[in-house]
Amino acid sequence: MKRRFLPTVEAVGNAVREGRGELGWTQAQLATRAGVGRRFVVELESGHMRAELGKDLAVLEALDIHAVALPSVKTDKRLEDVDPAEVMKRFE
């Protein structure tokens, strides 16, 4: 599994879709393994805004993708101004 920065729901959706594809799972298979409904997986992969963090984390766990809380660095930059590759280098 490659390291990636997941700053948006779209990025999470892409990570889920790619992780599922790498494992050769259908959306239904992932849903079963994560204990969620297939519709949830469909919406998560499409970047749909959802307030169900527990389910999001269950899907990521099923794919062996782990969320990591990174400490913030005091700056006047906005998230879209940050280079995810540079951030990840600090934590390798």
Could you see if V12 belongs to whatever hydrophobic cluster contains V42? Use Ile, Leu, Val, Met, Phe, Trp, Tyr and a side-chain cutoff under 4.5 Å.
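Unlinked, V12 and V42 end up in two clusters.
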Residues which pass salt bridge (Lys or Arg N to Asp or Glu O under 4.0 Å) with R17, listed by chain and number, not counting sequence neighbours:
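With neighbours one apart ignored, the set is empty.
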Side chain to side chain, L30 and V16, heavy atoms closer than 4.5 Å:
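L30 vs V16: side chains touch.
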Atom [atom1] in [X], atom [atom2] in [Y]: separation rounded to 0.5 Å?
X	Y	atom1	atom2	answer
M49	T8	CE	OG1	9.0 Å
E22	D64	CD	CG	11.0 Å
L23	E18	CG	CD	12.0 Å
D56	I65	CG	CD1	11.5 Å

Return the set of residues passing side chain to side chain contact (heavy atoms under 4.5 Å, CB included) with T32 (not counting sequence neighbours), or none when no residue passes.
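Counting only residues at least two positions away or on another chain, T32 forms no side chain to side chain contact (heavy atoms under 4.5 Å, CB included).
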By side chain to side chain contact (heavy atoms under 4.5 Å, CB included) - contacts of Q29 (at least two apart)
W25, T26
Under the salt bridge (charged side-chain N to carboxylate O under 4.0 Å, His left out) rule, what pairs show up with a residue in residues 25-42, not counting sequence neighbours?
R39-E43
